[in-house]
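Naming: A, B, ... by sequence-line order, numbering from 1 per chain.
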There are 2 protein chains.
Amino acid sequence: MATRKIDREQIIEQALKTLATSNSFADFSLRKVAADLHIDVSTLYWHFKNKQEILQAMAEAVITQVTIPATDLEWTTQLKQLFSNVFDIYEQYPLSATLMIETIPSALVRLQLIERAIAIMTDVGIDEQTANVAVTSIDFLLTGVMIDLTTEAHFRQKITAEKNQNLLTHVKKIHELAQSHHLTHMQTSIKMRNQFSAKQQFAMGLDLIIEGLKQHLPTKN
Amino acid sequence: MATRKIDREQIIEQALKTLATSNSFADFSLRKVAADLHIDVSTLYWHFKNKQEILQAMAEAVITQVTIPATDLEWTTQLKQLFSNVFDIYEQYPLSATLMIETIPSALVRLQLIERAIAIMTDVGIDEQTANVAVTSIDFLLTGVMIDLTTEAHFRQKITAEKNQNLLTHVKKIHELAQSHHLTHMQTSIKMRNQFSAKQQFAMGLDLIIEGLKQHLPTKN
DNA sequence: ACCTGAACACCGTTCAAGT
DNA sequence: ACCTGAACACCGTTCAAGT
């Protein structure tokens, strides 16, 4: 009784929720998604070909949320705002950065985002090649910072919640080695990590790349 | 009969070989490592606490191979050479970039590598904070390019070897969407990807970051 | 001290069978 | 058209038992 019909949209919606409550990407499973939906796992295979297709749909659902900044702003502002928007969305959907790595960027919105980012740069005279390299670099930086953040949270969770003492050993080891071997830069590096948020760290990296990009602006008249 | 003793070193050696012949990081399993060693999986648990510890040891074995360039070279040369060395080692050990993401960088050599990279920059007067951000950015860029490379190879393999037709669909979709939606930058982006090797793409990204770093050099006298 | 075998609780995927 | 249940081939991890 009652319409038991479940559509792709509902599945993806729940999948993202299930992913968000997972401790790691490896923890995320279709069986858990199905359980949360109160349906059998095999049902998912009527709506989707396989797990990969579900991940693709999830990635697309996330990236669709990103808004593109107005084109009348200064190019550096546009670039910063665009990636800031991406960052915020990734942060809103925990583990979605991993999702992007695990999927092929075939969603139109995702391609349009890259297109826009490159256009922002070429519009001010930066050559196509440099703009391309910049987007790749910024994208990897963003994804890297994001994944680092979730991985750290995952490890932290594993250390506190579970009996997993040996992970704590590794974290402690970093501090000890940094001290005993007088790795002074590593020590300040650790301090920096605690001092600045992930978003701030990303912003600083982006600034560095932008400074490099400025060297590629055409010389005035 | 015959000494059946197997030590940690042999396990890690084989584990890296098994990882190298895996199509993806997910494909890599302890059961396969054990099978390749002609021992039972459970034996691994006598030598190591769990899979995580084996991954840590594998990551350490790989990173140890990286050589640090001479300190009398120009700072940009040192930086390029250092990361070029890392790139080559990662390339030599397929999927090792993923390994670095999955593990905590608690190995001394790995910390020393970061320490050296930061020192190269601070030695010429770049502030600690910028140097830190730069290392993080370069590291993520390198790992990103590397993972992209192996992921692509993985997808390519899946498409040709297996019946996996739907992955091919996604790849084709990118080209089609780029054309039908007039994503001109995306089209040249695809061309660039085929034109330059992964190492070249990384080198270009590194150059961009270095150009940004140069803006942080102290003004002469 | 070192290794095995069986067992446990998990996966993704398939497929005949139900409505 | 949509969903289930059972089965298959995989995982990592534990542990009593062997040498």
Distance check needed: [N] [atom2] versus [X] [atom1], whole Å only.
{"X": "B:I11", "N": "C:dC2", "atom1": "CD1", "atom2": "P", "answer": "11 Å"}
{"X": "B:H38", "N": "C:dC3", "atom1": "NE2", "atom2": "P", "answer": "15 Å"}
{"X": "B:F48", "N": "D:dG12", "atom1": "CZ", "atom2": "P", "answer": "15 Å"}
{"X": "A:R31", "N": "D:dA6", "atom1": "CZ", "atom2": "C1'", "answer": "11 Å"}
{"X": "A:K32", "N": "D:dC11", "atom1": "NZ", "atom2": "C1'", "answer": "13 Å"}
{"X": "A:K5", "N": "C:dT19", "atom1": "NZ", "atom2": "P", "answer": "18 Å"}
{"X": "A:F28", "N": "D:dC11", "atom1": "CZ", "atom2": "C1'", "answer": "18 Å"}
{"X": "B:D40", "N": "D:dT19", "atom1": "CG", "atom2": "P", "answer": "15 Å"}

Query raised in the report: Of all the nucleotides listed (D:dA1, C:dC11, D:dG12), which has the minimum atom distance to the side chain of A:S29?
Result: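 Looking only at side-chain atoms, A:S29 lies closest to C:dC11.
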Query - Proximal nucleotide (of C:dC2, C:dG12, D:dA1) relative to the A:W46 side chain - result: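 When the side chain of A:W46 is considered, D:dA1 is the closest of C:dC2, C:dG12, D:dA1.
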Query - Modelled atom types, side-chain donor and acceptor of B:K172 and A:S106, under 3.5 Å - result: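 The criterion, which ignores hydrogens and geometry beyond distance, is not satisfied for A:S106 and B:K172.
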**Report entry** Flag, side chain of A:N50 to backbone of A:E53, donor-acceptor distance under 3.5 Å
**Finding:**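 Judged by distance alone, yes, a pair lies under 3.5 Å.
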Requested in this report: Keeping the roles fixed (side chain from B:R110, backbone from B:E60), state whether a donor-acceptor pair exists under 3.5 Å.
Outcome: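 Judged by distance alone, no pair lies under 3.5 Å.
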Report task. State whether the number of non-hydrogen atoms from other residues, nucleotides or ligands found under 6.0 Å of B:Q10 atom CD is greater than 12. Result ->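 More than 12 heavy atoms, drawn from other residues, nucleotides or ligands, come within 6.0 Å of this atom.
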Requested in this report: Using a cut-off of 6.0 Å, state whether more than 12 heavy atoms not belonging to B:Q92 lie near its atom CD.
Outcome: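 Atom CD in B:Q92 is packed in, count exceeds 12.
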Query raised in the report: Base, sugar-phosphate, or nothing for B:T43, non-hydrogen atoms under 4.0 angstrom?
Result: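 Counting heavy atoms under 4.0 Å across all strands, the contact made by B:T43 includes a base.
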Query raised in the report: Can you check whether A:H47 has a side-chain N or O nearer than 4.0 Å to OP1 or OP2 of D:dC3?
Result: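 So the side chain of A:H47 is within the cut-off, an N or O lying under 4.0 Å from OP1 or OP2 of D:dC3.
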Requested in this report: Map A:K51 and B:D7 onto DNA chain C by nearest heavy atom, then report which one ends up closer to the 5' terminus.
Outcome: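 Comparing both residues, the 5'-ward one is B:D7.
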Query raised in the report: Can you name the residues that form a ring-ring contact (aromatic ring centres under 6.0 Å, His included) with B:F140, not counting sequence neighbours?
Result: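 Applying ring-ring contact (aromatic ring centres under 6.0 Å, His included) to B:F140 gives none.
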Query - Under 3.5 Å donor-acceptor pair, B:S42 side-chain atoms to C:dG5 base atoms - result: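 Such a pair is found, so the answer is yes.
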Query - Range-with-range stems of DNA chain C (Watson-Crick or G-U pairs under 3.5 Å, three or more in a row) - result: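 Output for stems: C:4-8 with D:12-16, C:12-16 with D:4-8.
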Requested in this report: Can you sort out the partners of B:D207 under side chain to side chain contact (heavy atoms under 4.5 Å, CB included), two or more places apart, ordered by chain and number?
Outcome: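 Checked B:D207 against side chain to side chain contact (heavy atoms under 4.5 Å, CB included); matches are B:K80.
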